[in-house]
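The block underneath contains the structure these notes are about, expressed in structure tokens.
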Amino acid sequence: MPAHDPHHESVETGDHVVLIDGSAYIFRAYHALPPLTRSSDKLPVGAVAGFCNMLWKLVRAKDAQTGFEPKPTHLAVVFDKSEQTFRKDIYPLYKAQRPDLPEDLRPQFPLIREATRAFDLACVEQAGYEADDLIATYAELAKAKGARVTVISSDKDLMQLVDGLVRMYDPMKDKAIGAEEVFEKFGVAPDKVVDVQSLAGDSVDNVPGVPGIGVKTAAQLLAEYGDLDTLLARAGEIKQTKRRENLIEFADQARLSRQLVTLKRDVALDVPLDDIAVVEPEGRRLVAFLKAMEFTTLTRRVGEAYEIDIAAVEPDPGLKAGGGETALLAAGLDPDTRETAVPLEGAPSAAEGLTPQALSAARQAQATSTPVDRSRYETVTTLARLEEWIARATALGLVAVDTETTGLDPMQAELVGFSLATAPNEACYVPLAHKGGDEGLFSEGLLPGQIPPREALAALKPLLEDPSVLKIGQNLKYDWLVFKRVGIEVGPYDDTMLLSYVLDAGASPHGMDPLSIRWLGHTPIKYEEVCGKGKGQIRFDRAPLDKASEYAAEDADVTLRLWRVLKPRLASEGKATVYETLERPLVAVLARMEARGIMIDRQMLSRLSGEFAQGMGRLEAEISDMAGESFNPGSPKQLGDILFGKMAIPGGRKTPTGAWSTGADVLEELAEQGHELPRRILDWRQLQKLKSTYADALPTYVHPDTGRVHTSFALAATTTGRLSSSEPNLQNIPVRSEEGRKIRKAFVAAPGHKLISADYSQIELRLLAEIADTPSLRQAFQDGLDIHAMTASEMFGVPIEGMPGEVRRRAKAINFGIIYGISAFGLANQLSIPREEAGAYIKRYFERFPGIRAYMDETRAFAREHGYVETLFGRRCHYPDISAKNPSIRAFNERAAINARLQGSAADIIRRAMARMDGALEKAGLEARMLLQVHDELIFEVPDDEVDATIPVVREVMEIAPFPAVALKVPLKVDARAASNWDEAH
DNA sequence: GCAAGGACGTA
DNA sequence: GTACGTCCTTGCA
């Protein structure tokens with residue numbers, strides 16, 4: 001039926017068939033995109049604009065493009081024809097509850113059809129069938145010819161189509177939907193989606209399903225019984241009474257639901273598949289349409305692409321404002337409620353009709369071309385002006401945000417002001433609590449010309465929480481917490497620091513200043529220039545307002561510019577999934593963990609501090625006795641002089657700087673030779689460490705209001721993807737020594753609660769078995785063997801039963817050595833054996849496990865060739881010095897690269913678990929809250945009576961964390977325990 | 001007052 | 001042999 005170009009070619013292998021769910025697109029676009037109206041007559045055209053931008057991107061994609069690669073060869077926009085479908089015949093209530101169309105959406109339906117024709121693309125609809133059935137049929141035909149299919153929609157009803165050749169694409173989120181996403185939604189693979197829907201039903205479409213069964217239960221049942229028919233046949237076996245009865249009673253309703261949700265894949269198509277081939281649009285006709293719509297940016301782009309003088313083209317007379325039927329469509333709309341037309345700039349998905357590669361190259365080139373002009377920044381002093389900025393940001397759907405505060409700790413610092421940026425050089429600072437000038441009786445007065453913070457924040461809150469406006473920050477976790485403390489939960493968001501981290505971890509730093517210098521060629525104002533440094537440093541709220549304002553506005557401006565450069569690289573370098581699944585979700589997750597904090601027993605620590613001090617005093621007396629003089633045992637320099645100078649003990653080593661080495665390993669050796677002093681020093685150092693770093697320091701971190709300790713987790717601090725923790729570091733709380741565990745005991749659950757510690761057992765060794773594909777190691781894990789003993793047995797031929805501890809210890813050291821990128825030198829050091837012997841061990845190990853040598857060789861070669869390695873989940877860790885001429889630097893980088901694949905993959909897995917954990921706990925109706933992460937361990941605080949219910953949920957989330965992105969052959973094992981303090985829970 | 005080096009706590 | 005952060009001393013400004 002479409003007036004379509006007859007020069008089609010038939011579909012064949014390698015072709016790419018794109019099917020757009022037109023009706024669904026309009027609804028999504030209407031709700032997700034900022035409202036946009038044609039300026040001359042206020043005709044609402046937001047969805048049409050988004051649609052045209054998308055089509056342009058599709059038909060002009062020159063190269064591979066995420067989600068649309070390869071370039072579409074065939075494309076159809078598919079619509080629902082009418083209400084009456086075969087499903088209504090089966091079940092009259094089907095889709096009987098659809099609300100009426102919003103007034104300003106209705107006129108966009110015919111315009112979308114017009115747009116499709118203007119692009120010379122097929123517009124398909126067929127009586128008696130829903131768009132979904134037509135899409136399913138086209139997909140089926142295309143697959144049969146070996147073509148790839150992309151369905152542009154995020155409708156869950158279409159997810160049953162996903163398979164190796166068919167994927168979906170969510171045009172609003174700019175995100176591919178594959179088997180993984182389907183699994184995340186339904187808990188089953190795509191081929192079981194229909195079964196889940198048949199059981200769970202759908203209130204929106206009025207699909208009945210089985211009462212009492214939701215998606216989660218359905219997925220669980222299907223995992224157990226395989227498929228719907230088997231489940232219904234064996235329903236009698238189900239333990240839960242109500243569930244069993246319902247499944248038996250409503251079995252027929254489930255089968256009816258299956259008929260409703262199963263898409264018809266064999267519709268007799270009015271428009272054959274071959275007829276939807278993509279052809280080059282007729283430029284002038286397209287321009288005429290776009291001009292009539294008044295989409296100036298896209299009109300210009302299309303004009304340039306086809307070398308058409310757009311001024312010479314008349315707008316389509318049937319569609320232009322006041323000129324045709326569309327004017328009538330707009331009638332009845334209240335012009336005052338319509339937004340003025342704003343071009344969709346900034347967002348790469350909507351703006352530029354380019355491939356990701358071309359876009360990121362263009363953005364990079366542009367980045368330096370508009371110099372930062374601080375004179376264009378504005379200091380906002382009135383609510384009215386602020387509201388104008390907010391309106392502008394809302395219309396754009398995009399804004400960079402930065403907070404200025406009184407300190408560096410987001411849990412304590414007070415908000416002083418915030419800045420916004422909407423385009424390069426288009427930025428403002430909104431001071432809220434700057435002080436100075438007049439002194440009040442007890443405190444300094446606020447400077448005049450500041451909006452009352454409550455009013456400003458009340459105006460800002462809807463913007464920062466608006467689901468259709470993307471907030472962009474640099475290290476956004478900080479700002480997220482600051483805003484959270486004033487009652488604003490920021491979202492959705494992007495973080496430029498994390499973008500940089502995903503793209504360049506190990507290659508360059510991710511702080512704003514270095515990023516600005518590198519990508520924008522611009523050096524921002526230094527904080528010291530505003531507030532001074534050292535002793536003379538003043539708080540931001542006391543800084544001169546003009547300087548403060550420039551500084552703050554520039555931060556937002558720079559952040560926005562960085563986003564424009566970095567965000568497109570995500571797609572062009574294939575790292576969008578890493579960012580979306582491993583980075584972005586962690587911002588809010590970690591912010592919440594930090595805000596919760598953990599309780600410590602200060603009395604216990606204070607008592608310990610006294611004990612440690614006593615012990616140190618005793619040791620100091622003995623030490624000076626033995627040394628024959630009093631000296632500072634905390635000074636390695638003085639100690640070295642005593643031991644190797646005055647006492648002339650032989651066998652001393654030197655540090656790289658030429659000083660005597662007095663490290664624990666050296667002192668340990670001396671102690672074993674019978675020297676008493678080194679033993680005392682070691683004991684003293686242990687107490688000194690425990691006292692100063694833990695017993696004395698931790699209480700100083702207790703928050704005055706919450707009474708708890710709030711660490712700060714860094715998301716972008718390591719090369720491998722691990723988190724880090726600081727101020728205080730709660731990832732290095734002692735556990736190995738008896739004395740140290742007393743510190744750990746002081747980490748306690750709140751009254752009426754327990755701490756649960758859940759940790760992955762041997763995760764890096766398991767990943768070694770997986771990545772290096774070593775069947776014997778894998779088998780050992782599957783059989784639940786003692787992996788170190790098994791290694792020893794393989795290497796030395798000693799039976800596991802009755803194995804001497806020393807033999808196992810050596811194997812364990814070798815296993816760890818492998819993870820660390822083993823060297824004979826390091827292993828020899830660790831085991832205190834000659835280097836030759838260590839070398840022999842390694843040789844034997846590689847003979848027994850040849851796959852691991854291959855893994856290490858491959859990793860070295862890959863890193864050498866590419867300058868980076870990748871984890872199982874695609875995270876990149878860069879090692880720019882991997883090809884250094886200096887052999888020891890090179891070897892160091894090789895070991896680090898070998899380690900990074902394992903450490904990084906483990907880090908990815910726990911990140912995935914953490915990203916899902918809050919939701920899983922909530923879904924299970926549990927009060928448990930995640931407090932800490934220690935690389936392979938998660939710590940929760942749980943009400944006493946929920947401990948037993950929480951542990952299985954936590955364990956499940958952690959153990960299946962790699963799935964479905966990666967299906968490990970090696971099982972993951974999680975140990976979890978609860979107690980009232982961390983030591984006993986661990 | 002600050003940076004570097006050494007030492008040591010964790011995974 | 002990997003990955004971190006913190007405390008203390010030292011040496012220089």
Side-chain angles (χ1 to χ4, degrees), chain A residues 505-506 533-537 631-640 654-667 681-682 684-698 700-701 711-714 717-737 739-741 743-744 759-765 768 813-831 835 838 841-842 856 877 879 888 891-904 906-907 910 932-937 982 986:
Chain A
K533 59 174 178 174
K535 209 180 162 204
Q537 192 169 64
F631 71 101
N632 182 354
S635 164
K637 184 168 150 20
Q638 291 176 33
L639 177 63
K654 295 289 183 77
T655 67
T657 56
W660 289 114
S661 170
T662 68
D665 48 349
V666 176
L667 299 191
I681 295 287
L682 285 170
W684 185 89
R685 280 187 183 162
Q686 183 193 25
L687 295 181
Q688 147 82 14
K689 180 81 176 179
L690 293 176
K691 182 174 189 294
S692 68
T693 307
Y694 304 104
D696 292 343
L698 284 172
T700 71
Y701 287 101
T711 185
S712 172
F713 288 108
T718 70
T719 315
T720 55
R722 273 192 178 179
L723 305 180
S724 77
S725 158
S726 63
E727 293 185 305
N729 180 354
L730 297 186
Q731 291 180 324
N732 72 345
I733 300 306
V735 71
R736 290 175 189 171
S737 74
E739 292 296 289
R741 280 205 293 276
I743 298 285
R744 195 169 271 236
D759 67 294
Y760 286 106
S761 161
Q762 313 270 29
I763 188 168
E764 291 182 6
L765 270 181
L768 174 71
I814 293 168
N815 276 333
F816 274 97
I818 296 290
I819 292 171
Y820 296 156
I822 207 151
S823 76
F825 183 82
L827 184 63
N829 251 343
Q830 178 67 30
L831 289 175
R835 182 132 38 120
Y841 281 179
I842 295 171
M856 294 178 78
C877 313
Y879 292 91
S888 69
F892 175 80
N893 277 274
E894 287 172 357
R895 291 194 298 270
I898 288 166
N899 173 253
R901 285 182 74 190
L902 302 169
Q903 191 187 109
I910 200 166
L932 299 176
Q933 187 248 45
V934 190
H935 309 310
D936 63 359
E937 174 188 16
W982 190 2
H986 185 71

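Lettering of chains follows the sequences in order, A, B, ..., and the numbering in each one begins at 1. Predicted, not measured: the structure shown is a model, and the values here were computed from it.
Residue N632(A) is classed as a sugar-phosphate contact, given heavy-atom separations below 4.0 Å to backbone atoms only. If you check every strand for non-hydrogen atoms under 4.0 Å, A697(A) touches sugar and phosphate atoms only. Here I819(A) lies out of heavy-atom contact (under 4.0 Å) with every strand. Within 4.0 Å of S726(A), counting heavy atoms only, lie sugar-phosphate atoms of the nucleic acid but no base atom. No contact: A897(A) has no heavy atom under 4.0 Å from any strand. Contacts of Q830(A) with the nucleic acid, taken as non-hydrogen atoms under 4.0 Å apart, include base atoms.
Residues satisfying the side chain to side chain contact (heavy atoms under 4.5 Å, CB included) test with Q762(A), not counting sequence neighbours, are L765(A), R766(A), F781(A), I787(A), H788(A). Listed by chain and residue number, nothing satisfies the ring pair (Phe, Tyr, Trp, His ring centres under 6.0 Å) test with Y694(A) (two or more places apart in sequence, or in another chain). With sequence neighbours excluded, no residue forms a salt bridge (Lys or Arg N to Asp or Glu O under 4.0 Å) with R901(A).
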### Message
Run the side chain to side chain contact (heavy atoms under 4.5 Å, CB included) test on R685(A) and T662(A) for me, step by step, so that the C-alpha distance in whole Å, both residues' side-chain angles and the decisive distance to 0.1 Å come before the verdict.
### Response
CA-CA 11 Å; R685(A) 280 187 183 162; T662(A) 68; 2.9 Å; yes
So which protein N/O to nucleotides 2-4 of chain B N/O distances come out below 3.5 Å?
none

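Cation-pi contact between K654(A) and W660(A): present, with separation from the ring centre below 6.0 Å and deviation from the ring axis of at most 45°.
With no hydrogens or angles considered, a side-chain donor-acceptor pair links S725(A) and T711(A) at under 3.5 Å. A side-chain donor-acceptor contact under 3.5 Å links H986(A) and E937(A).
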### Query
Which nucleotides of nucleotides 5-11 of chain B have their base under 4.0 Å from a protein heavy atom (B), which only their sugar-phosphate (S), and which neither (-), written as one string 5' to 3'?
SSSBBBB
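In terms of heavy atoms, E764(A) sits closest to I819(A) at OE1-CG2, 3.2 Å. Closest approach of M856(A) to I898(A), counting heavy atoms only: CE-CD1, 3.8 Å.
Taking CG of N899(A) as the start and CD1 of I822(A) as the end, the distance is 12.5 Å to the nearest 0.5 Å. Taking CG from N829(A) and CG from D665(A), the interatomic distance works out to 7.0 Å, rounded to the nearest 0.5 Å.
A 4.0 Å heavy-atom criterion places the boundary nucleotides of DNA chain C facing chain A at dG1(C) to dG11(C), written 5' to 3'.
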